[in-house]
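Comments concern the structure below.
Below, all heavy atoms of this structure are taken into account, side chains as well, without hydrogens, waters or symmetry copies. Computed from a predicted model, the values in this text were never measured in an experiment.
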Amino acid sequence: MKYLLGLAIVTVALVGCETTSNHSSATPQQSAQANQQNAVKVINFAGQQGLKIQLKTADDFETAEMKDNSGKVYKLKRAVSGSGIRLVDPNGVAIHFKTNMDNLNEGSVELVPGNFQEIKEFKIN
């Protein structure tokens, strides 16, 4: 019986120590990860007939700003996609892309509803 009581006291002490250590401040690595997630990401795409698209996001593609080479800017929001990332605006403009085996993004863009154009990411040096 006294062993059981001793074990219960040790268990309570360990549980108490564990709960207080979980409330410490964020480590530098966690802070760096949070800052990286909030950083602006930019992907540049190229398509046929000289089409160039720049896609910018600060919230990991929940929302994004898409700019084409004519200077038009579209405000897009995330939409349901079977795979990859699909972003749409209320007027039917959409972009859908995913990462290929070369670790580049490729997909399609719909600047005019019903008119899809294939696009591939290109890196700017």
Side-chain angles (χ1 to χ4, degrees):
M1 185 70 166
K2 65 181 174 181
Y3 294 116
L4 187 59
L5 182 61
L7 184 60
I9 292 172
V10 169
T11 303
V12 169
L14 289 175
V15 169
C17 291
E18 180 65 28
T19 57
T20 58
S21 67
N22 285 340
H23 298 293
S24 64
S25 63
T27 65
Q29 184 180 8
Q30 290 170 333
S31 298
Q33 276 183 330
N35 288 341
Q36 186 178 15
Q37 288 176 347
N38 292 335
V40 174
K41 295 178 187 176
V42 178
I43 301 177
N44 294 292
F45 292 98
Q48 297 174 347
Q49 300 173 353
L51 176 66
K52 299 245 188 286
I53 301 284
Q54 183 181 66
L55 195 61
K56 274 189 203 178
T57 183
D59 57 7
D60 202 26
F61 295 104
E62 290 303 314
T63 61
E65 181 179 282
M66 182 172 72
K67 184 177 180 183
D68 65 14
N69 52 335
S70 70
K72 290 184 183 175
V73 177
Y74 307 92
K75 304 287 185 186
L76 307 172
K77 290 186 179 180
R78 189 109 182 220
V80 176
S81 169
S83 65
I85 296 174
R86 183 168 182 262
L87 300 157
V88 298
D89 86 342
N91 299 320
V93 174
I95 186 169
H96 181 230
F97 62 93
K98 59 184 174 180
T99 306
N100 66 15
M101 296 188 53
D102 295 330
N103 206 26
L104 292 174
N105 294 298
E106 62 183 6
S108 62
V109 66
E110 187 178 12
L111 295 174
V112 177
N115 185 12
F116 291 93
Q117 295 185 27
E118 297 296 315
I119 54 172
K120 286 190 176 186
E121 179 182 7
F122 69 92
K123 301 285 185 183
I124 297 177
N125 294 332

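The environment of N115 atom CG is dense: over 12 non-hydrogen atoms of other residues, nucleotides or ligands sit within 6.0 angstrom.
Among pairs with a residue in residues 77-97, those fulfilling salt bridge (charged side-chain N to carboxylate O under 4.0 Å, His left out) read E62-R78, at least two apart in sequence or across chains.
Judged by distance alone, the side chain of N69 and the main-chain N or O of G50 form a donor-acceptor pair under 3.5 Å.
The structure places NZ of K120 at 12.0 Å from CG of N105, a figure rounded to the nearest 0.5 Å. With rounding to the nearest 0.5 angstrom, the CG atom of L104 is 8.5 Å from the OG1 atom of T99.
Between H96 and S83, the shortest heavy-atom distance links the atoms NE2-O, 2.7 Å. Closest non-hydrogen pair, A79 versus V88, comes out as CB-CG2, 3.9 Å. A46 and K52 make their closest contact through CB-NZ, 4.4 Å (heavy atoms, listed as atom of the first residue, atom of the second, distance).
Salt-bridge formation is detected for the pair E121/K123: a Lys NZ or Arg NE/NH1/NH2 atom is positioned less than 4.0 Å from an Asp or Glu carboxylate oxygen.
With a 4.5 Å cut-off on side-chain heavy atoms, T63 and K75 do not count as touching.
Residues I43, F45, L51, I53, F61, M66, Y74, L76, I85, L87, V93, I95, F97, V109, L111, I119 make up the rest of the hydrophobic cluster containing L55, defined by ILVMFWY side-chain heavy atoms closer than 4.5 Å, directly or through other members.
Residues that satisfy the side-chain contact (heavy atoms from CB on, under 4.5 Å) test with S70, not counting sequence neighbours, are D68, K72.
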